[in-house]
Every structure is written in structure tokens, then in C-alpha cells.
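As C-alpha cells, the structure follows; a few thoughts come after it.
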Amino acid sequence: MPHDDFPAGSVWLVGAGPGDPDLLTRKAARLIAAADIVFYDALVGPGILDLIAPHAERISVGKRSGRHSKDQRTIDALIVAAALKGKRVVRLKGGDPAIFGRTAEEVTACRAAGISVRICPGITAASAAVASAGTSLTLRGVARRLTLVTAHAQAGATLDLDWQGLAAPDSTLAIYMGRAAAATVARQLVAAGRSPNTPVLVVVNASLPNERIIRGRLSSLAFLVEAISAQDPAMLIVGEVVEPDPSFACAPSSRTCDAMIAS
């Protein structure tokens, strides 16, 4: 079949979404199936990898909990080298490539080598997390703004965020890669003025069969994440919008919906 938007020697950075293959865009599925080689992240599950054509090469370049299989420069070089050989290259990233996905580095490397590179967006983990919990990231009159942050800091570095700005009471805070920094996040937000009674939502393995939904208060955030394995991706949502609705016990397709945990 023709691939007018995916000629030989070009690159697509494709969002794999939060993990459920049904949440892939139709375009993402088509590009994955058309690729000659796929470089994929650790969080891309087997259900999505099954869409790769049998003849295509697949290479894991995932990074998990500080255990990096390849550094970013190496990944950039691998992508460029494959495209220069005339292959259709897919760089498959969890969630949306443009949200904490190191997209800029890979786009820059491709353009510097004269390679056509495009981006196919995906559903980001924050959207999947609140969808599973039956709530929203924004709500008129409650959350006038939404802030996406990563709580991942380089080894030995202090988590340096605008805590005063993040503590605004009329905002929703979606925290990626926040499990290890949960205690610091809670302490800094409370110190900056956010109420310790602010509702929080922790969604582990959002959209997957082993998904867990944990509710609590900001003051208990460090406790809420203690039972989460370091290998399980967790999304932390802070804000009044995740106050549990008594009429919503659990999403119809939900896997595990933990009870509300008081502070």
C-alpha cells in the first residue's frame, strides 16, 4: 500500500498513548504497521508492539527508574543512521511525544542530518488517569488552570520547581514521574500554601488491565505511593477536581479502584 506521508528514509515520532492499544490513534497504528524499524520506550506494552510488521526490526531504547538502556545521544544517532539507510523509522514513545518525551532532541538531530521528521500525537497519561477515575482535569469554577510537571530530577539534583505557582488553589497539578518525589512534592506544596486537605489521585498503570486508582489527601501523598512498585508508572493528580464523587464507585471498565484513604 502507498505511504505518501511516510516515504523511505523518513522518521515519525509516534505517541503510543498510556498503554491500552485501543487508545492508539488510527494514524499511530498505521505508521507503526508501515515502519521498517521501530525504536520503542520501556512503557510501550506488548499489545502495541504486536502492531509492528513481522519483517520490521524492533529495538528497545527504554529508560526506567534511572536504568537507561541507551543515552539520548545514542538514541538520536540510531534514529538518524536508520533513516539514512533508507528505512521508514518510527520512534515509539509512551503517552504523547511532546509531553516530557525528549522530542526536541530527536527532531533536532534528524533535521540536522537533513531527514524528514514528523510527530504523531498520542493520549497523555494525565488524560488517561482522570478518565479512568471518572473525573476531569479542569472544572469551571474550581480549576481555572492545569499545570503539567515532571518530578524527575537528574541524579544528585534537587527538585527545583516553582512551588509558589504550583500551589495556587484554583489549579490542577498533574505530576509525571512523581512516585519517588511524592514526599517532597507534598511537603513543598503545603509549605507554599496549598491546603494539606487538597484531594489527590494516584493512578498506577493507567488504562492497563492491572490499573490501580488510589485516592487520598495531599498530606498523605507519601503514604499513598509506598505500595507502588518502582517499575509501575504512576500519575499523581493534585486538585479539587479529583474530589471523589459518591455516585461514581469505579469506572465501568476499571481494574482496581482502591478505597478513599484519609489523611
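Source: prediction; values computed, not measured.
- Scanning all heavy atoms of the two residues, the minimum distance from Ser132 to Glu211 falls at OG-OE2, 2.7 Å.
- Electrostatic pairing of Arg30 and Asp5 counts as a salt bridge here, judged by a charged N lying under 4.0 Å from a carboxylate O.
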Run Val61 and Arg91 through side-chain contact (heavy atoms from CB on, under 4.5 Å) and show every step you take. CA-CA 9 Å; Val61 291; Arg91 173 67 172 101; 3.7 Å; yes
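- Here the closest heavy-atom approach between residue Val225 and residue Arg179 is recorded as CG2-O, 3.8 Å.
- The CD1 atom of Ile175 lies 10.0 Å from the OG1 atom of Thr147; values are rounded to the nearest 0.5 Å.
- For residues 115-148, the set of pairs meeting the ring pair (Phe, Tyr, Trp, His ring centres under 6.0 Å) definition, not counting sequence neighbours, is empty.
- With sequence neighbours excluded, no residue forms a salt bridge (Lys or Arg N to Asp or Glu O under 4.0 Å) with Glu240.
- Side-chain heavy atoms closer than 4.5 Å link hydrophobic residues (I, L, V, M, F, W, Y) into clusters, and following such links, possibly through other members, connects Leu161 to Leu236.
- Evaluation of the side-chain hydrogen bond (donor to acceptor under 3.5 Å, both in side chains) rule for Thr25 yields no partner, not counting sequence neighbours.
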Name every donor-acceptor pair, under 3.5 Å, that has one atom in a side chain of residues 48-58 and the other anywhere in the protein, sequence neighbours excluded.
from  : atom 1 : to    : atom 2 : distance (Å)
Glu57 : OE1    : Lys87 : NZ     : 3.4
Arg58 : NH2    : Leu49 : O      : 3.2

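- By the 4.5 Å heavy-atom criterion applied to side chains, Glu106 and Ile79 are counted as neighbours.
- Side chain of Arg215 to backbone of Val242: a donor-acceptor contact under 3.5 angstrom is found.
- Heavy-atom minimum distance, Val241 versus Ala143: CG1-CB, 3.6 Å.
- Under the 4.5 Å side-chain contact rule for hydrophobic residues, Leu24 and Phe6 share a cluster.
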side-chain contact (heavy atoms from CB on, under 4.5 Å) assessment of Phe39 paired with Ile75: CA-CA 8 Å; Phe39 298 96; Ile75 295 172; 5.7 Å; no
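- Both Val203 and Ile99 are assigned to one and the same hydrophobic cluster, defined by single-linkage of ILVMFWY side chains at heavy-atom distances under 4.5 Å.
- To the nearest 0.5 Å, atom CH2 of residue Trp163 and atom CG of residue Leu189 are 5.5 Å apart.
- Between the side chain of Asp96 and the backbone N or O of Gly122, at least one donor-acceptor pair lies under 3.5 Å.
- Shown here are the side chain to side chain contact (heavy atoms under 4.5 Å, CB included) partners of Ala191, two or more places apart in sequence or in another chain: there are none.
- A donor-acceptor contact shorter than 3.5 Å links the side chain of Asp71 to the backbone of Thr74.
- There is a path of hydrophobic side-chain contacts, each under 4.5 Å, that joins Val130 to Ile213.
- Between the Gln164 side chain and the Ala192 main chain, a donor and an acceptor come within less than 3.5 Å of each other.
- Within the structure, side chain to side chain donor-acceptor pair (under 3.5 Å) pairs that include any residue of residues 6-18 do not occur (at least two apart or interchain).
- A heavy-atom distance below 4.5 Å is found between the side chains of Ile237 and Thr172.
- For residues 113-146, no pair satisfies ring pair (Phe, Tyr, Trp, His ring centres under 6.0 Å), with sequence neighbours left out.
- When the side chains of ILVMFWY residues are joined at heavy-atom separations under 4.5 Å, either directly or via intervening members, Val89 and Val38 end up in two distinct hydrophobic clusters.
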Before you tell me yes or no, could you show the steps for Val202 and Leu221 under side-chain contact (heavy atoms from CB on, under 4.5 Å), namely the whole-Å CA-CA distance, both residues' side-chain angles and the distance that decides it to 0.1 Å? CA-CA 9 Å; Val202 180; Leu221 183 58; 4.0 Å; yes
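- Checking side-chain atoms of Ser207 against main-chain N and O of Asp20 turns up a donor-acceptor pair under 3.5 Å.
- Contacts of Asp76 classified as side-chain hydrogen bond (donor to acceptor under 3.5 Å, both in side chains), with partners at least two apart in sequence or in another chain: Gln72.
- Here OG of Ser171 is found 11.5 Å from CG of Leu137. Values are rounded to the nearest 0.5 Å.
- Of the inter-residue distances, the one linking Ile214 atom CD1 with Phe223 atom CZ reads 9.5 Å to the nearest 0.5 angstrom.
- Distance check, rounded to the nearest 0.5 Å: CG of Leu23 to CD1 of Ile123 gives 4.5 Å.
- Here the side chains of Val190 and Ser219 are not in contact, with every heavy-atom distance at 4.5 Å or above.
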Run Phe100 and Thr124 through side-chain contact (heavy atoms from CB on, under 4.5 Å) and show every step you take. CA-CA 10 Å; Phe100 307 122; Thr124 190; over 6 Å; no
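- Taking the side chain to side chain contact (heavy atoms under 4.5 Å, CB included) definition, one finds that Thr103 meets it with Leu13, Lys93, Pro97, Val107, Ile119, sequence neighbours left out.
- Counting only residues at least two apart or in different chains, salt bridge (charged side-chain N to carboxylate O under 4.0 Å, His left out) contacts with residues 162-172 comprise Arg145-Asp170.
- In this structure, Ile37 and Ala82 approach most closely via the heavy-atom pair CG2-CB, 4.0 Å.
- Across all non-hydrogen atoms, the minimal contact from Arg217 to Pro199 is NH1-CG, 3.3 Å.
- Across every non-hydrogen atom of Ala28 and Gly15, the tightest pair is CB-O, 4.0 Å.
- Under the side chain to side chain contact (heavy atoms under 4.5 Å, CB included) criterion, Thr108 pairs with no residue, sequence neighbours left out.
- Evaluation of the side chain to side chain contact (heavy atoms under 4.5 Å, CB included) rule for Ile115 yields Val11, Val80, Ala83, Leu84, Cys110, Ala113 as partners, not counting sequence neighbours.
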